[in-house]
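Everything below concerns the one structure shown next.
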Amino acid sequence: MIPTQKGKSMLAAGAAMLGALTAQAGTPMPLPAPLAPVMSRNPAQLPPELPRGFELPEDHDPLAAGILMDHQKEWLEDQSSLKLCEKGRRTGITYAEALDDTIIAASARSQGGDNVFYIGDTKDKGREFIGYVAHFAKIVAKELVDVEEFLFEDQLEDGTSKFISAYRVRFASGFRVEALSSRPENIRGLQGIVVIDEAAFHKDVRQVLDAVNALLIWEGKIRIISTHNGVLNPFNELIQEAKAGKVSYTLHFIPFQKAVDNGLFKRVCLTKGKPWSQEDQDAWEAKIRGAYGVRTAQMRQELDAIPSDAAGSALSRVMIESNSDRSIPVIRWALQDAFKSAPAEERKRIMETWLREKLRPVLDKLDPDRRHDFGQDFARSGDGSVIIVNELGRDLVRRGKLVIELRNVPYETQRDVVFFLGDALPRFGHAAFDATGNGAYLAEVAQQRWGERVSEVKLNAGWYGANSPAYVEAFADGTIVVAGDDDIIRDHQALQYVDGIIRVPENFRYKGGDGFDRHGDAGIAGILAWYASRQGATEYGYTPVPIARANPYAAASDDGWDGDDEEVRSWWKPPLGTGLRRSIWAGALKGVRSAVIGAATRWSDLGPKNALSGLLTPLKLISVRQEQWA
């Protein structure tokens, strides 16, 4: 008879609430069907070139020198409660997780021991995982364990049960590792460490991800591992949320190439007992990639961890328009080629007129109490140079307050415009400049002018990958407001997934409403402005003295103080002590005047020496008073 195990719920009320919410929700819009996997999901049916869990030599020691690859060590060293891994196929993370779980289950509770529940997307994955655990138990934990096949009883909310085929290894510590062939409905009933492997291929992925969060109440741990299954898959949405800092998962990115560079083929050779050579490795990798033929999208998804249908706009027009405001001014300035050849005085006159008539009125309307940041995507000719100014609200919403578009504007003129803008911004917090190519000049002089309040950004795949997801997520959260201008909206539509990274494609061009070519410049400037708003602000300025210190303009109180300590002296009142110093100074001058007149009348009677001494006496008094004031 096959034994059973009952999975009891710890949070029945929470489970019932989730069920009610799920029942009330409308039918979701179906997602586009993801591309079918080229490489089988059954480990036994994988190409012979790839490693399998069942092929470990009897004496294989995972802790021996040279066995674990760098990315496996990084995964093991990360002891966070929430770990998330987007990976290519057969990169060794399941192997590393099985090693970690074996050590945990074999440990006493005082040493961090706990139960481990592995949830794969197929029964074969569960069998492979438990095979790793059984091997590691013998080699690492020095325990001879049996792999039990049993039926896991999953108790449903309506009181009924269903049984899931599962495998189990028990340890002398009293803890166990169980590998389930499918996701239990009552996942909240599990206590310990839960590993969800190939999460993107589970049914109802979002419900799985939401349910496992309840495990944290009992200090459980969650490990989510998967290759991609489309850009619209909830697993990929979780990845984007993690990159945006909205969920507290630590993120590991392990494409197939990284594993190869870290020695994957050398480990394959080791398990098969064959020598390694670079020529064999190149041929091995070429054979694996060549199996995909023309299906490059599937290859990128399965090997390079790039979602297959990640080709299209990162933001829909509907979403952008719902976060736009038509009242935000967009100021455009396009110059003729003759401008750069005009005399310096003429260029300065034209620029100052434009600043005074176009820019100054907008800047004067900004809230003096709110922080302001800006970002600039630089261009000298061809594309536009776009500056976006955001105000950081008390509700932490970044609201656009001004967009400046400069076309064919010389470097020095752009510099003067930027200096005018930054110097006039109320509570200027931070500015991020595109320092790529010709933009490096403007970024550098701005940094020389404002110091720590300026970031010189080299726009590359790494920077976009780290910052674009947060900007796109802001539209979903309603924490960004952009100008409701058609060209600005279309620029944001130009933000696309390029090799899995949100950016504007290199050769992407279209005509704007003014007939000029555009390259998604406002979208890039928007990301830079968003980035700037997330940097620490360094403020330099004059802080007025509180009037609570012996205010000469208020009635004296019994204790010599007046008013609230937090009250600030009005701008039109002079600093404290001004009246006192003025009266002393006036008295001294009056004394000097009297001394001069007296000395003149007594010159003949007293003689030059005594008359001069009388004249200098008030001057000495003034000198003494100045030293006392200092």
Side-chain angles (χ1 to χ4, degrees), residues 2-12 14-15 53 75 79-85 93-107 109 112-134 136-137 141 145-156 161-171 173-199 201-205 207-226 249:
I2 299 176
T4 64
Q5 176 181 331
K6 200 173 190 66
K8 297 181 180 179
S9 172
M10 298 182 294
L11 299 172
W75 179 259
Q79 296 300 308
S80 305
S81 297
L82 299 171
K83 292 200 297 186
L84 182 60
C85 178
I93 288 301
T94 300
Y95 173 100
E97 181 61 35
L99 173 60
D100 195 22
D101 295 337
T102 301
I103 295 173
I104 291 173
S107 302
R109 185 177 297 277
D114 210 337
N115 293 318
V116 179
F117 300 91
Y118 172 89
I119 305 173
D121 62 320
T122 66
K123 183 177 181 179
D124 296 309
K125 288 285 292 183
R127 185 188 299 116
E128 180 184 35
F129 180 85
I130 210 70
Y132 280 137
V133 172
F136 296 153
V145 297
D146 295 324
V147 176
E148 307 172 29
E149 186 171 3
F150 73 105
L151 293 179
F152 178 91
E153 183 180 358
D154 185 22
Q155 186 173 350
L156 309 182
S161 298
K162 72 174 183 178
F163 294 90
I164 300 174
S165 178
Y167 302 96
R168 176 173 55 207
V169 168
R170 302 175 188 265
F171 289 85
S173 64
F175 296 115
R176 64 193 185 277
V177 176
E178 295 182 356
L180 311 182
S181 60
S182 62
R183 175 186 64 84
E185 295 292 333
N186 188 22
I187 198 171
R188 291 175 174 80
L190 305 179
Q191 296 187 40
I193 298 172
V194 173
V195 181
I196 302 177
D197 199 2
E198 295 298 359
F201 295 87
H202 282 262
K203 182 181 178 182
D204 301 324
V205 182
Q207 188 174 350
V208 175
L209 300 179
D210 291 341
V212 294
N213 289 331
L215 301 174
L216 298 176
I217 297 174
W218 297 95
E219 296 186 350
K221 294 183 178 181
I222 303 168
R223 281 84 176 92
I224 299 177
I225 304 167
S226 189
Y249 283 87

Checklist entry - Do Gln79 and Lys221 pass the side chain to side chain contact (heavy atoms under 4.5 Å, CB included) test, and can you show the C-alpha distance, the side-chain angles, and the key distance before you say yes or no? => result CA-CA 9 Å; Gln79 296 300 308; Lys221 294 183 178 181; 4.1 Å; yes
Point-to-point distance, once rounded to the nearest 0.5 Å, from [atom1] of [X] to [atom2] of [Y]:
{"X": "Leu84", "Y": "Ile222", "atom1": "CG", "atom2": "CD1", "answer": "11.0 Å"}
{"X": "Arg176", "Y": "Asp101", "atom1": "CZ", "atom2": "CG", "answer": "13.5 Å"}
{"X": "Ile193", "Y": "Lys83", "atom1": "CD1", "atom2": "NZ", "answer": "9.0 Å"}
{"X": "Leu151", "Y": "Phe163", "atom1": "CG", "atom2": "CZ", "answer": "7.0 Å"}
{"X": "Ser226", "Y": "Ile93", "atom1": "OG", "atom2": "CD1", "answer": "12.5 Å"}
{"X": "Ile224", "Y": "Asp197", "atom1": "CD1", "atom2": "CG", "answer": "11.0 Å"}

Next on the checklist: Using a 3.5 Å distance criterion without hydrogens, assess whether the side chain of Thr122 forms a donor-acceptor pair with backbone atoms of Lys125.
Outcome noted: yes
Checklist entry - Do any N or O atoms from the side chain of Asn115 and from the backbone of Phe175 form a donor-acceptor pair under 3.5 angstrom? => result no
Next on the checklist: Can you confirm whether Phe136 sits close enough to Val169 that some side-chain heavy atom of one is under 4.5 Å from a side-chain heavy atom of the other?
Outcome noted: no
Checklist entry - Side chains of Trp75 and Leu99: does their closest heavy-atom pair fall under 4.5 Å? => result no
If you compare all heavy atoms of [X] against all heavy atoms of [Y], which two are closest, and at what distance to 0.1 Å?
{"X": "Gly126", "Y": "Ala179", "value": "O-CB, 3.5 Å"}
{"X": "Ala166", "Y": "Leu180", "value": "CB-CD2, 3.5 Å"}
{"X": "His202", "Y": "Ile196", "value": "NE2-CG2, 3.8 Å"}
{"X": "Arg223", "Y": "Ser80", "value": "NH1-O, 3.0 Å"}
{"X": "Asp114", "Y": "Gln191", "value": "OD1-O, 4.3 Å"}
{"X": "Ser173", "Y": "Ser107", "value": "CB-O, 3.4 Å"}

Next on the checklist: Tell me whether the rings of Phe129 and Tyr118 are parallel (<30°), tilted (30 to 60°) or perpendicular (>60°).
Outcome noted: parallel
Checklist entry - Under the side chain to side chain contact (heavy atoms under 4.5 Å, CB included) criterion, do Phe150 and Glu178 qualify, and how do the steps go? => result CA-CA 10 Å; Phe150 73 105; Glu178 295 182 356; 3.7 Å; yes
Next on the checklist: Thr102 vs Val177, test: side chain to side chain contact (heavy atoms under 4.5 Å, CB included). Steps then yes/no.
Outcome noted: CA-CA 8 Å; Thr102 301; Val177 176; 5.7 Å; no
